[in-house]
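A quick write-up on the structure given underneath.
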Amino acid sequence: MNKSVLMASLTLSLLSGSALAMEQVVLDGKHLTQDQAWAIADGAKVKIAPQAKTQLVKAHELLMEAARLGKPVYGLTVGVGLNKDHKLFDANGKLSDAVLDASRSFNFSTLRAHSAGVGEAAPIRLTRVALAVRLNTMLAGQTGVQPEVAELYEAYLNKGLTPVIPSKGTVGEADILLSSHVGLAMIGEWEVFYKGQRVSSKEAMADAGITPLVPMGKDALSILSNNAFAVAYAMQGYREAKQLLSVSPTVFGLSLEGLNGNVAPFLPQTNDIRPFPYIKTATSDILKQLDGSYLWQLNDERPLQDPLSFRTTAYTFAGAEQALASLDEVINIQINHSDDNPAVIVGASNQYAQFPQVAKYVVEGQGGVFPTTNFEPLPVALAVQNLSVALTHVSHNSVMRTIHLSDEHFTKLTRFLSAPENQGHAFGAIQKAFVDMQVRNKQLATPVSFDGISIAGGIEDTFTNLKLASDNLIQIVDNTRVIYGLELLHSTQAIDLRKQANPELQLGKATQAMYKAYRAKVPFVAKDRPFTPDIQASTDFITHY
């Protein structure tokens with residue numbers, strides 16, 4: 001096993017039946033997977049890889065050496081008010097006590113002043129994902145923090161201390177006002193969730209045997225200026241969208257069977273003509289769901305061409321899968337690389353160092369401390385928004401398919417899929433529910449990454465609103481689960497009506513399995529009944545299938 005694989009290796013333990021759960025994740029700043037991050041959120045222990053700890057020490061030493069050489073170091077030689085009237089170093093070449101005291105004071109003040117979040121606390125699970133991501137990006141080795149900062153993240157995760165982080169108050173250029181609460185907890189001046197209670201972080205750390213942080217140098221800045229919090233939400237959006245798309249071909253297959261639809265738009269003969277990305281996979285997946293279905297048999301009542309919401313669905317799936325893959329790619333980059341500003345780069349190259357402007361950042365023979373824009377998460381925000389738009393196309397087609405399934409003109413079944421003995425409304429009124437969800441999706445899919453107001457004296461004048469974009473993605477998935485659930489309510493009703501006329505009607509193997517599982521939760525609608533419980537049961541079914 002090579003070294004990189006070894007550092008990403010996991011200790012696995014067999015739990016309850018055949019399920020494998022991660023017991024420990026070794027973090028080295030380079031190989032964290034999203035599954036590992038979720039395992040940490042669910043209680044897996046973390047361990048800092050030895051070489052990552054060494055890198056932390058080297059970066060911190062480089063930061064201190066830069067300060068000794070008079071290089072600009074925010075929070076140490078810049079920003080503490082000592083440059084003009086205090087000597088920075090003593091006779092032994094070490095930072096003077098006055099400078100260190102001023103740096104500590106600056107760090108404490110920075111964490112306090114930047115703790116200004118809004119709204120209810122983020123879920124514990126998502127906060128633990130954020131802690132795991134930030135610890136890993138810290139271990140990439142470009143922060144320059146005191147090594148004990150990383151050790152505190154490790155201890156918080158392993159001993160179950162979760163900082164209380166407000167869920168709103170970020171414009172998406174590092175979650176400064178939110179992540180600062182992590183540092184505030186670590187210095188003992190905030191609250192954490194611990195042993196099922198919301199308690200003082202000072203008391204929790206004392207109980208857990210954790211020594212509070214005394215921040216200095218770049219510690220506060222590195223704790224508060226990163227995107228781990230918003231990225232955790234993007235990861236949730238990705239994960240939930242992936243599950244939704246995994247059930248999509250089967251949900252659609254049942255609707256096609258409920259419609260008595262045409263398989264022609266999904267055949268390789270037609271789709272090989274124009275091979276857009278993911279189209280072949282999407283059409284193949286749809287056809288697999290229909291293996292054994294009656295739709296492969298000739299039917300004189302079957303239209304030559306169905307409504308576009310049926311015929312073009314493979315394109316919506318393909319677009320969503322492509323957007324999902326893009327988001328996966330940028331998240332994996334984001335969680336395995338530093339987003340610090342400035343970056344403390346051990347072994348940085350000397351490119352352009354012949355120019356004085358660049359030379360001021362370089363520590364000859366060791367690396368340098370460079371201003372960056374690595375806090376910019378625009379690639380992730382754009383990918384989140386792209387997936388939101390793609391999923392809203394998916395949900396639009398689902399809404400239109402469901403409307404068509406209620407229309408006897410298309411199905412040749414009863415109006416609103418009323419059972420023969422039902423003299424009521426059947427599914428006539430229920431359409432408002434999924435139209436509401438779709439209108440919400442359209443609103444949520446509107447890009448927000450360029451919205452904002454210039455702040456911080458006009459310096460901070462661009463935005464990504466990554467957290468808000470991720471919130472929107474998560475809500476779009478939730479709404480689409482409702483829409484899919486209602487589509488299932490209609491498609492299975494249509495199939496049952498067809499089976500009443502033809503008891504020998506065969507569904508596809510995959511669609512039959514979903515049909516049976518769904519019918520175990522939501523029965524056929526023989527007569528009008530309150531549909532609110534059915535909608536909830538249908539949504540839960542989609543969520544957990």
Side-chain angles (χ1 to χ4, degrees), residues 34 38 41-42 119-127 129-130 167-168 229-252 255 313 316-317 319-321 323-324 327-328 331 380-381 383-402 430-448 465-491 514 518 521-522 531-545:
Q34 292 181 60
W38 289 112
D42 291 332
E120 63 185 13
I124 291 175
R125 194 161 182 256
L126 277 173
T127 302
V129 169
S167 55
K168 298 176 184 176
F229 185 74
V231 167
Y233 281 79
M235 289 168 65
Q236 180 178 333
Y238 167 81
R239 194 181 202 206
E240 295 187 1
K242 184 177 181 180
Q243 184 276 332
L244 180 76
L245 289 173
S246 73
V247 304
S248 294
T250 320
V251 171
F252 173 67
S255 290
T313 281
T316 69
F317 291 169
E321 290 287 358
L324 186 76
L327 179 56
D328 182 41
I331 285 175
V380 182
V384 166
Q385 292 177 153
N386 190 30
L387 181 55
S388 293
V389 171
L391 287 178
T392 303
H393 280 280
V394 170
S395 62
H396 170 85
N397 274 32
S398 176
V399 165
M400 295 310 303
R401 291 194 302 266
T402 308
I430 205 172
Q431 295 177 344
K432 295 176 177 62
F434 53 75
V435 170
D436 179 16
M437 295 299 102
Q438 179 59 15
V439 170
R440 292 173 187 272
N441 277 4
K442 290 171 68 176
Q443 181 185 39
L444 291 163
T446 302
V448 296
N465 295 304
L466 174 58
K467 169 63 166 55
L468 177 58
S470 300
D471 287 341
N472 291 348
L473 172 60
I474 292 167
Q475 190 59 56
I476 286 172
V477 174
D478 285 345
N479 293 344
T480 305
R481 286 169 174 158
V482 176
I483 290 169
Y484 269 14
L486 283 158
E487 182 175 3
L488 267 184
L489 186 66
H490 285 67
S491 64
M514 178 176 277
Y518 180 73
K521 302 291 184 182
V522 180
F531 288 121
T532 298
D534 292 327
I535 294 172
Q536 185 60 58
S538 300
T539 303
D540 291 344
F541 179 84
I542 291 293
T543 303
H544 299 108
Y545 190 79

Item checked: Donor + acceptor pair across side chains of N472, S388 (<3.5 Å) ->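 No.
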Check: Any chance the side chains of S167 and E120 put a donor and an acceptor closer than 3.5 Å?
Finding: no
Would you compute the distance between atom [atom1] of [X] and atom [atom2] of [Y] and round it to the nearest 0.5 angstrom?
X: N397; Y: S248; atom1: CG; atom2: OG; answer: 11.0 Å
X: F229; Y: L466; atom1: CZ; atom2: CG; answer: 11.0 Å
X: D540; Y: K521; atom1: CG; atom2: NZ; answer: 9.0 Å
X: E240; Y: R481; atom1: CD; atom2: CZ; answer: 4.5 Å

Specify the closest pair of heavy atoms between [X] and [Y], including all atoms of both residues, with the distance to one decimal.
X: A537; Y: V522; answer: CB-CG2, 3.9 Å
X: G485; Y: I542; answer: N-CG1, 3.8 Å
X: Y238; Y: Q34; answer: CD2-OE1, 3.3 Å
X: L486; Y: F434; answer: CD1-CB, 3.7 Å
X: A241; Y: L387; answer: CB-CD2, 3.8 Å
X: A232; Y: L126; answer: O-CD2, 3.4 Å

Item checked: Trace of the side-chain hydrogen bond (donor to acceptor under 3.5 Å, both in side chains) decision for Q475 with D471 -> CA-CA 6 Å; Q475 190 59 56; D471 287 341; over 6 Å; no
Heavy atoms, side chains only, cut-off 4.5 Å: are [X] and [Y] in contact?
X: L488; Y: S538; result: no
X: Y484; Y: S255; result: no
X: M437; Y: T480; result: no
X: V477; Y: Q243; result: no
X: L489; Y: Y518; result: yes
X: L245; Y: L391; result: yes
X: W38; Y: M235; result: yes

Check: Where do D534 and I430 land on the side chain to side chain contact (heavy atoms under 4.5 Å, CB included) test, with the steps shown first?
Finding: CA-CA 11 Å; D534 292 327; I430 205 172; over 6 Å; no
Notebook entry, point to check: Pick one: which of I476, N441, V399, T316 meets side-chain contact (heavy atoms from CB on, under 4.5 Å) with V394?
Noted result: T316
Checklist line | Residue pair H396, K442: steps toward the side chain to side chain contact (heavy atoms under 4.5 Å, CB included) verdict | finding: CA-CA 9 Å; H396 170 85; K442 290 171 68 176; 6.0 Å; no
Check: Considering residues, nucleotides and ligands other than R440, do more than 12 of their heavy atoms fall under 6.0 Å from its CZ?
Finding: no
Check: Would I483 and E487 satisfy side chain to side chain contact (heavy atoms under 4.5 Å, CB included), going step by step from the backbone distance to the final call?
Finding: CA-CA 6 Å; I483 290 169; E487 182 175 3; 5.6 Å; no
